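Report on the structure given below.
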There are 2 protein chains.
Amino acid sequence: MLSLRQIEVFHAVMVSGSVSGAARMLNVSQPGLSRLIKYMESRVGFRLFERRAGRLAATPEAHRLFLEVDLIYQRVGGLDQSIRRIAGGEGHELAVGASPSVGRSLVPRALAELAGAMPGVTARLEILPMNQVQDYLLAGATEQVVTIFPFEHPLVESETIGAGRLVCAFRRDHPLAERTEIGVEDIAAHGIVAFEPGSPHARMIDALFARAGVTPRIAGKVRFAQTACALAESGLGVALVDAFTVMGKAFPDLAVRPIAGGGLFHVEIHRHRHLAVSAVASRFSIALKEAMARAIAETPSMLVAP
Amino acid sequence: MLSLRQIEVFHAVMVSGSVSGAARMLNVSQPGLSRLIKYMESRVGFRLFERRAGRLAATPEAHRLFLEVDLIYQRVGGLDQSIRRIAGGEGHELAVGASPSVGRSLVPRALAELAGAMPGVTARLEILPMNQVQDYLLAGATEQVVTIFPFEHPLVESETIGAGRLVCAFRRDHPLAERTEIGVEDIAAHGIVAFEPGSPHARMIDALFARAGVTPRIAGKVRFAQTACALAESGLGVALVDAFTVMGKAFPDLAVRPIAGGGLFHVEIHRHRHLAVSAVASRFSIALKEAMARAIAETPSMLVAP
DNA sequence: TGAGGGCAGAACATGATGTTATGAACCGAC
DNA sequence: GTCGGTTCATAACATCATGTTCTGCCCTCA
């Protein structure tokens, strides 16, 4: 089998018309190429060049071979471009899954940051309900999934990148708005927006009140933290949600306060244990950690470093 | 630029799914491939594989690269086949020019021999009048031209591969048929078939009679030796031609005898000095020399080795 | 927990490729 | 014809990629 070097040198000799010319083209010395061509001729089994009138003359066989070699040479040249495009993430589709709260706050921020760093990347963001996380990860539909609840599976490996506290949110004209830190008893005095049983938020809130030995009044019941905040925004009561749901200016009419003794929602990145991560996905992890760090700097009372 | 070896190894690792498997496929040891892959990763600028669960897992980037690499790999594999085809002369068109007499005797025999040795070769035979030999050679229309007359040109190099004597041919019932060797005077007594002035045959015959101080009777006049023989065959007189024209069973009704003191027609192969000869053309030269040798063995009295 | 397989590092051998120095053949100019 | 310039080939040596063996670590699986 011919080596790429042989193909390259043969190509250069054919194009330049002489060994010396090829040596100049390739920035190497001439004797090496003479030897390589000679060796190549012994490999292919026929003469490629004849020394005529003090120069090289390509045989008709060499001309036929050149037609084939040129195609390979072009392709290999194109390969370099492909490598650059792949390295730059160009044309790469990064599929990220996320649970609703981080999927509307932290993850979009990280994706925006990533888009700036790697302009060729196309991002696809899937907001996943809890019960779909496993399917997406195991089927490889998304390279990674970001959640604020733990997820255990032998084929999934997880990394915690930070946490958000359990916070309560209510209208700015709510009586609790005067307090800076709020305890369980304060909340119990008002009606809360509860979650469907079994959801991470429900479990977190149940545990909170169970520890305090208090039973709150249920003013409303929802599936998503977003909806809970929407209810609170319309004055229905106090929403108890993770800090990510109310990050930034998502609900400008709500006042948000940490809950004393409230638990933590851990932000985790989950990946398939047996599938390699793309460079783009690695870059996304970094961006996500940076977004987390910036968010902590903005509201240190609500968020916690890993 | 990636080397073909790197492409080959990467391909094998992707196909076999492990470095060890690739090493077995390529019949080399595993550590070398590990090192090569590592080096390759530093060249392309992104990770190709990750060690996961004790094995290698290809990154999405590696999968994208594989699509390109596979094409090159296939092409290079095809190159080997092309080389074999070119080496076998398959699809090669060998264009040979020849002056009329050898073009109807020696050259067809050589081409037939060549066709047996290199079945894929297509032969093209052009019978050339003297004044077209130069044009065909210099324009590269035929790689080589075989003549029985000398040809001088600074851009043409010639090789003599044998010679044929000047012979005379007449009907088997002709009075001369009793003689085994025939002299100039014998011929002059009968009418001869002459050639147009300036042709090699005319010059040769003129010189013959001039040396002997004899003027023959002209019974007919022709351009080609073939025509001269045709006249002789119909009883018009004695044809004086080169030995090649009457080789084999071309004119079964003619008796052929060498002429004492007759000159030699030298068979020469002419090639462009600056164009390389194909392997097929080289093989043809050999076949032509063999055909010449066989012809000498058949009729040693008429033909001469170089 | 131990056996087996797969990967990676170290140390060394070898072959491909590159270098310089030199000579032979050829061309074109004089 | 001779001379200078160009081209290719060879020799001797340097260097780097590639291959080898030995070994250790890590993972999986029974």
Side-chain angles (χ1 to χ4, degrees), chain A residues 1-44 47-59 62 76 153-157 271-276, chain B residues 1-44 47-59 62 76 153-157 271-276:
Chain A
M1 181 118 90
L2 292 182
S3 76
L4 199 53
R5 185 61 179 157
Q6 286 168 333
I7 290 174
E8 196 177 8
V9 169
F10 173 66
H11 188 270
V13 172
M14 289 296 284
V15 168
S16 72
S18 71
V19 177
S20 306
R24 284 190 291 270
M25 275 177 66
L26 300 172
N27 285 315
V28 292
S29 64
Q30 164 265 319
L33 301 195
S34 283
R35 187 180 39 184
L36 187 144
I37 290 286
K38 187 181 167 187
Y39 179 63
M40 189 174 165
E41 285 182 328
S42 78
R43 291 289 296 270
V44 300
R47 301 224 51 177
L48 295 169
F49 303 98
E50 276 181 32
R51 211 181 143 183
R52 301 220 153 206
R55 305 179 56 80
L56 286 197
T59 62
V76 174
H153 191 281
L155 282 178
V156 173
E157 65 180 12
R271 301 190 191 89
H272 194 300
R273 186 177 294 277
H274 288 176
L275 295 183
Chain B
M1 178 118 88
L2 292 181
S3 75
L4 197 52
R5 185 62 180 157
Q6 286 168 333
I7 290 175
E8 198 176 7
V9 168
F10 173 66
H11 188 270
V13 172
M14 290 296 284
V15 168
S16 72
S18 72
V19 177
S20 305
R24 284 190 291 270
M25 276 178 66
L26 300 173
N27 286 314
V28 292
S29 64
Q30 164 266 319
L33 301 195
S34 282
R35 187 181 38 183
L36 186 144
I37 289 287
K38 187 182 167 188
Y39 178 64
M40 189 174 165
E41 285 181 329
S42 79
R43 292 288 296 270
V44 299
R47 300 226 51 178
L48 295 169
F49 302 98
E50 275 182 31
R51 214 182 139 181
R52 299 222 153 205
R55 306 180 53 78
L56 286 197
T59 62
V76 174
H153 191 281
L155 281 177
V156 173
E157 65 180 11
R271 301 191 192 88
H272 194 300
R273 185 176 294 277
H274 288 176
L275 295 183

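Lettering of chains follows the sequences in order, A, B, ..., and the numbering in each one begins at 1. Values below: all heavy atoms of this structure, side chains included; hydrogens, waters and symmetry mates excluded. Because the structure is a prediction, the values reported are computed rather than measured.
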N/O donor-acceptor pair under 3.5 Å between [X] side chain and [Y] backbone:
{"X": "B:Arg5", "Y": "B:Leu36", "value": "no"}
{"X": "B:Thr59", "Y": "B:Arg47", "value": "yes"}
{"X": "B:Arg52", "Y": "A:His272", "value": "yes"}

Could you grab the distance from atom [atom1] of [X] to atom [atom2] of [Y], nearest 0.5 Å is fine?
{"X": "A:Phe10", "Y": "A:Ser3", "atom1": "CZ", "atom2": "OG", "answer": "13.0 Å"}
{"X": "B:Arg43", "Y": "B:Leu48", "atom1": "CZ", "atom2": "CG", "answer": "12.5 Å"}
{"X": "B:Ser29", "Y": "B:Arg24", "atom1": "OG", "atom2": "CZ", "answer": "12.5 Å"}

Output one letter per nucleotide in nucleotides 24-30 of chain C: B when a protein non-hydrogen atom lies under 4.0 Å from the base, S when only the sugar-phosphate is that close, - when neither is.
-SSS---
Non-hydrogen side-chain atoms of B:Met1 and A:Val76 separated by less than 4.5 Å
yes
Check whether any side-chain heavy atom of B:Ser18 lies under 4.5 Å from a side-chain heavy atom of B:Leu56, and answer yes or no.
no
Rounded distance in Å - [atom1] ([X]) to [atom2] ([N]):
{"X": "B:Leu48", "N": "C:dA8", "atom1": "CG", "atom2": "P", "answer": "12 Å"}
{"X": "B:Leu2", "N": "D:dA17", "atom1": "CG", "atom2": "P", "answer": "14 Å"}
{"X": "B:Leu4", "N": "D:dT18", "atom1": "CG", "atom2": "C1'", "answer": "14 Å"}
{"X": "B:Glu50", "N": "C:dG6", "atom1": "CD", "atom2": "C1'", "answer": "16 Å"}

Please check the phosphate of D:dT10 (OP1 and OP2 only) for any side-chain N or O of A:Lys38 closer than 4.0 Å.
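True: A:Lys38 side-chain N/O within range (under 4.0 Å) of D:dT10 OP1/OP2.
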For nucleotides 17-20 of chain C, print each protein N/O atom paired with a nucleotide N/O atom at under 3.5 Å, atom names and distance only.
from, atom 1, to, atom 2, distance (Å)
C:dG18, OP1, A:Arg5, NE, 3.0
C:dG18, OP1, A:Arg5, NH2, 2.7
C:dG18, N7, A:Arg35, NH2, 2.5
C:dG18, O6, A:Arg35, NH1, 3.1
C:dG18, O6, A:Arg35, NH2, 3.3
C:dT19, OP2, A:Ser29, N, 2.5
C:dT19, OP2, A:Ser29, OG, 2.7

